[in-house]
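Down below is the structure, laid out as structure tokens.
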Amino acid sequence: MILTDLPTAIQRSDFASDFLWGVSTSAYQIEGAAAEDGRVPSIWDTFSATPGKVRDGSSGAVACDHYHRWEEDLDLAQAMGLNSYRFSIAWPRIFNGVDAEPNAKGLAFYSKLVDAMLARGLQPWCTLYHWDLPQYLEDRGGWANRATIDAFLHYADVVSKHLGERVRHWITHNEPWCTAMHGNWDGMHAPGNKSLPLALQVCHNVLVSHGLAVPLIRANVPGAKVGIALSLHPVKAASDGAADRQAVLRHDALRNRWFLDALYGRGYPELALQLVGRDAPQVLPGDMEAIAATMDFLGVNYYFPEVVRDAPEQYPLRTSIVYPQDRQRTDFGWEVSPQGLVELLERVARDYPAGDLYVTENGSSYDDHLDADGAVNDTARRDYLVRHLAAVRDAIAAGANIKGYFAWSLLDNFEWAEGYLRRFGLTYIDYPTQRRILKQSGRWYSAFLQAE
Ligand code: IFM
């Protein structure tokens with residue numbers, strides 16, 4: 001069946017029959033139950049409790065109460081017709097101290113969650129680190145301390161052994177740019193530091209922990225596919241001028257190539273190293289080889305392109321992000337550019353050809369409201385979804401090896417420094433009652449997936 005009321009004619013049969021259709025979530029953003037069953041504080045509990053850090057003063061203490069409502073949430077994902085589900089493990093539920101034994105209750109929660117996914121025909125995609133570092137590790141220097149690499153490997157070892165072959169797809173880290181740069185350079189995220197050298201060291205250590213985890217997970221889980229999810233942005237020049245076009249190269253070198261080049265065995269880009277100079281991270285012998293561990297897939301998280309201009313006064317990139325007036329934007333102010341996704345996927349497929357590609361996040365934030373009849377008519381998000389699926393289809397037609405798409409997100413949730421002010425869900429959460437209401441976008445995705 002072709003759905004005729006769509007802005008762009010698109011149907012599931014445009015994609016391979018084994019294409020993965022999913023949604024993404026993360027532990028701190030949805031689970032709540034922050035002090036239950038032995039969970040200890042993460043850096044996000046500390047950060048949220050610090051006045052002025054989260055815009056509406058909220059935290060993930062309750063969030064979507066998914067820790068108690070997980071069955072309903074997985075039922076919803078199944079009813080939508082999805083065949084995969086991306087979630088993350090809360091590290092502070094698994095270990096409550098540096099030398100602690102694994103917390104059986106924490107492991108049991110994810111074990112039953114994975115079993116419930118499998119029972120519903122949802123392929124589990126497990127992310128090990130989606131920003132909720134245990135606070136006790138931050139107290140010892142966090143990701144800047146190489147001991148955290150060892151702690152991560154121990155955590156990855158325990159979790160991958162416990163979940164075993166029930167989980168075939170593993171993502172080590174979600175968006176290391178955000179972990180490193182928002183957490184430690186601009187300070188917008190936990191732990192809220194403001195130091196470029198610190199951020200670059202964190203970034204490096206996170207990537208080393210990724211690379212060392214890849215063979216470890218493979219050894220524990222026969223047949224495991226292991227990758228990472230990067231937040232990538234096509235970078236555009238603010239003008240046709242030569243200076244702005246050079247600015248694009250500098251911005252791209254740190255924003256995208258820092259990760260891609262290193263992961264694909266080319267080391268950190270020379271241009272980026274020149275720009276950061278003495279602030280470059282300490283790299284130990286063997287680190288770059290570890291980071292370049294061959295992955296089975298790359299996860300691409302895409303939201304919007306970045307437009308930059310030459311800005312000589314800005315250290316270290318000498319670029320500044322600009323926001324042209326003439327662009328369509330979400331209510332969050334992010335540019336809506338499906339073409340950006342086509343270009344990004346084509347570029348990654350062309351320049352970094354090894355392994356499969358998955359869009360592991362893509363979505364939009366609008367200020368939704370419940371209509372009088374109890375519906376949420378988020379037509380703009382529905383259109384965003386349709387147009388970005390068309391972009392994935394077009395990138396595949398151009399030769400990119402894309403095997404799946406995960407919409408961000410199943411539920412409205414705790415949007416980090418924005419608290420609950422931003423809604424990204426295909427499902428509306430009425431926070432006072434915790435009622436779940438599938439939005440128009442979610443209903444469209446479901447109809448698209450279940451069309452004959
Ligand atoms: O909510 C986040 C998610 O945790 C990581 N990627 C971007 C999303 C929207 O900002």
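The figures that follow rest on heavy atoms only: side chains count, while hydrogens, waters and symmetry mates do not. These numbers come from a predicted model, not from an experiment. In listed order, ligands and their atoms are each counted from 1.
The shortest N or O to N or O distance between His130 and ligand 1 is below 3.5 Å. The shortest N or O to N or O distance between Trp334 and ligand 1 is not below 3.5 Å. For Trp131, no nitrogen or oxygen atom sits less than 3.5 Å from a nitrogen or oxygen atom of ligand 1, counting backbone and side chain alike. The shortest N/O to N/O separation between Glu361 and ligand 1 falls below 3.5 Å.
Taking the centre and axis of the six-membered ring of Trp177, the NZ or CZ atom of Arg255 falls inside the cone set by 45° and 6.0 Å. Figure legend: cation-pi geometry between Arg423 and Tyr366 absent, as NZ or CZ is not positioned both under 6.0 Å from the six-membered ring centre and within 45° of its axis.
Looking at every heavy atom in both residues, Pro316 comes nearest to Trp185 through CD-CZ2, 3.5 Å.
Under the 30°/60° scheme for interplanar angles, the aromatic rings of His130 and Trp408 are found to lie parallel. Note: Trp44 and Phe47 have perpendicular aromatic rings, judged against thresholds of 30 and 60 degrees for the angle between ring planes. In this structure, Trp258 and Tyr268 have parallel ring planes: the angle between them is below the 30° cut-off, well short of the 60° mark.
Close contacts of ligand 1 with Glu415, meaning ligand atoms under 4.0 Å from a residue heavy atom, involve 1 (O), 2 (C), 9 (C), 10 (O). Near Asn174, with a cut-off below 4.0 Å to any heavy atom, the atoms of ligand 1 are 5 (C).
Scanning the protein heavy atoms around atom 8 (C) of ligand 1, the nearest turns out to be Tyr303 OH, 3.4 Å.
Counting only N and O atoms by type, the side chains of Asn301 and Thr360 include a donor and acceptor under 3.5 Å apart.
Look at Trp416 and you'll find a heavy atom under 4.0 Å from some atom of ligand 1. By the 4.0 Å heavy-atom criterion, Tyr302 is excluded from the residues contacting ligand 1.
When heavy-atom distances to ligand 1 are checked against a 4.0 Å cut-off, Arg422 has no atom that comes that close, whether in backbone or side chain.
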